[in-house]
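Here is the structure we will look at.
Since the model is a prediction, treat every value here as computed from it, not as a measurement. Counting starts at 1 for both ligands and their atoms, following the listed order.
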Amino acid sequence: MRLILLGPPGAGKGTQAKKLVAKYSVPQISTGDILREAVKNRTPMGLKAKAYMDKGELVTDDIVVGIIRDRLQESDCAKGYILDGFPRTVPQADALKTALHEMGQSIDRVVSIVVANDELIQRLTGRRTCKECGAGFHILYKKPKAEGICDQCGGPLIQRDDDQEATIQNRLTVYNQQTEPLIAYYRKDGALKEVEGTGSIDEIFAHICAVIENHG
Ligand code: AP5
């Protein structure tokens, strides 16, 4: 299964991708996670990316396309993958098409998760992530058992640098201008399915699985 999860910041791409990994045994490839790891390790790519990420802007296409080209060659991608946060621009989508063509592959399904802006802002301002294992929580919607502590590994929960309200607003504007055109792009390809992203995480997951298995 080769799947793209499309949707604005806070739509639940990461949350749903982790559940899909458990069900379908294919890796989640999140360009955001890969970039944050590079920032944490202060690699040359991470240092370049940080300036864009802190402002809520997109990192340049050449950097993220390079990341994805390398990642898709790894052996765990042989049976498929879930692309989370890539592509995000039309040039990235074109580059993905070219790379997949060279590998004799194509995308099976593009799932676009639809959520209204006010809900997105609530989700992102309340998001907390485990510093150690990366597990995701929300101060209202997915509370950890003990405040500020990860249920899974006991690590500290932190707020992402780009989850400040002013940066969130810019990320939403950037999404509308640069990423939303991909909905029409993939609709034209016949691969797109839109899924309502409001409701419980499990309900949305069931809907996404139905769409993947062609009965949604
Ligand atoms: P990235 O990490 O990809 O961030 P994003 O797209 O902004 O998406 P998020 O991770 O914020 O949201 P999500 O949809 O995964 O939501 P989540 O599941 O966490 O990118 C970060 C930055 O990296 C970019 O701004 C850019 O600079 C750079 N970048 C990355 N990829 C790039 C690319 N391809 N090109 C260029 N630059 C790139 O959920 C959010 C919260 O809501 C959580 O707290 C969760 O618990 C909660 N939640 C989830 N579902 C529900 C629900 N149904 N009900 C209630 N709460 C829910």
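- The atoms of ligand 1 that sit less than 4.0 Å from any heavy atom of Leu124 are 11 (O).
- Of the N or O atoms in Gly12, one or more lie within a sub-3.5 Å distance of an N or O in ligand 1.
- You'll find the side chain of Met45 stays beyond 4.5 Å of the side chain of Val64, heavy atoms only.
- At the top of the distance list for atom 4 (O) of ligand 1, counting protein heavy atoms only, stands Arg160 NH2, 3.2 Å.
- The distance from ligand 1 to the heavy atoms of Glu57 drops below 4.0 Å at these ligand atoms: 26 (C), 27 (O).
- Geometrically, ligand 1 and Gly126 share no nitrogen or oxygen pair separated by less than 3.5 Å.
- No hydrogens or angles considered: nothing links the side chains of Tyr81 and Glu74 as a donor-acceptor pair under 3.5 Å.
- Atom numbering of ligand 1 starts at 1 in the shown order; those under 4.0 Å from a heavy atom of Ile204 are 53 (N).
- Scanning Leu35, Thr198, Leu96, Ile67 for the heavy atom closest to atom 28 (C) of ligand 1 points to Leu35.
- With salt bridges taken as basic N to acidic carboxylate O contacts below 4.0 Å, none links Lys97 and Asp94.
- Between Asp161 and Thr167 there is no side-chain heavy-atom pair separated by less than 4.5 Å.
- Looking at atom 36 (C) of ligand 1, its nearest protein heavy atom turns out to be Val59 O, 3.2 Å.
- The heavy atom nearest to atom 22 (C) of ligand 1, out of those in Met53, Glu119, Lys142, is found in Met53.
- Among protein heavy atoms, the minimum distance from atom 12 (O) of ligand 1 is reached at Gly10 N, 2.9 Å.
- A salt bridge between Asp163 and Arg171 is present, with a side-chain N of the basic residue lying under 4.0 Å from a carboxylate O of the acidic one.
- The structure places CG of Leu96 at 13.0 Å from NE2 of His101, a figure rounded to the nearest 0.5 Å.
- The residue among Arg171, Lys55, Arg123 with a heavy atom at the shortest distance from atom 57 (C) of ligand 1 is Arg123.
- In this structure, the side chain of Gln16 engages the main chain of Ile201 through a donor-acceptor pair within 3.5 Å.
- Scanning all protein heavy atoms for the shortest distance to atom 31 (N) of ligand 1 gives Thr31 OG1, 2.7 Å.
- Checked against a 3.5 angstrom limit, the closest N/O atoms of Lys13 and ligand 1 fall inside it.
- Residues Pro9 and Leu120 are not in side-chain contact: their nearest non-hydrogen atoms beyond the backbone lie 4.5 Å or more apart.
- Put simply, no part of Gly136 is less than 4.0 Å from ligand 1, judged by heavy atoms.
- Counted within 6.0 Å of CD on Glu147, heavy atoms from surrounding residues, nucleotides or ligands total 12 or fewer; the atom is thus considered open.
- The nearest heavy-atom contact from the protein to atom 9 (P) of ligand 1 is Arg127 NH1, 3.3 Å.
- Among all protein heavy atoms, the one lying closest to atom 20 (O) of ligand 1 is Arg88 NH2, 3.3 Å.
- Residue-to-ligand polar distances keep Ser200 apart from ligand 1: every N/O pair is separated by 3.5 Å or more.
- Between Met103 and Gln73 there is a side-chain heavy-atom pair separated by less than 4.5 Å.
- Residue contacts with ligand 1 leave out Gly7, since none of its heavy atoms falls under 4.0 Å from the ligand.
- Counting only residues at least two apart or in different chains, side-chain hydrogen bond (donor to acceptor under 3.5 Å, both in side chains) contacts with residues 49-60 comprise Lys50-Asp54, Glu57-Asn170, Thr60-Asp62.
- For ligand 1, the atoms lying closer than 4.0 Å to a non-hydrogen atom of Arg36 are 2 (O), 21 (C).
- Put simply, no part of Gln16 is less than 4.0 Å from ligand 1, judged by heavy atoms.
- In this structure, CD1 on Ile4 lies 12.0 Å from CZ on Arg109, to the nearest 0.5 angstrom.
- Counting protein heavy atoms only, atom 55 (C) of ligand 1 is closest to Tyr141 CD1, 3.4 Å.
- From Arg160, atom CZ reaches atom CE of Met53 across 7.0 Å, with rounding to the nearest 0.5 Å.
- Looking at heavy atoms from C-beta onward, Ile68 lies in side-chain contact with Leu83 at the 4.5 angstrom threshold.
- The closest approach between Gly199 and ligand 1 falls below 4.0 Å for a heavy atom of the residue.
- Nearest non-hydrogen protein atom to atom 15 (O) of ligand 1 is Gly14 N, 2.9 Å.
- Here the side chains of Lys19 and Ile208 are not in contact, with every heavy-atom distance at 4.5 Å or above.
- For the pair Phe137 and ligand 1, a heavy-atom separation below 4.0 Å is found.
- Any N or O atom pair closer than 3.5 Å counts here, and Gln92 shares at least one such pair with ligand 1.
- Under 4.0 Å is where a charged nitrogen must lie from a carboxylate oxygen, and between Asp151 and Lys143 no such pair does.
- Ligand 1 is never approached by Arg128 to a heavy-atom distance shorter than 4.0 Å.
- Below 4.0 Å from some heavy atom of Thr15 lie the following atoms of ligand 1, by number and element: 17 (P), 18 (O), 39 (O), 45 (C), 49 (C).
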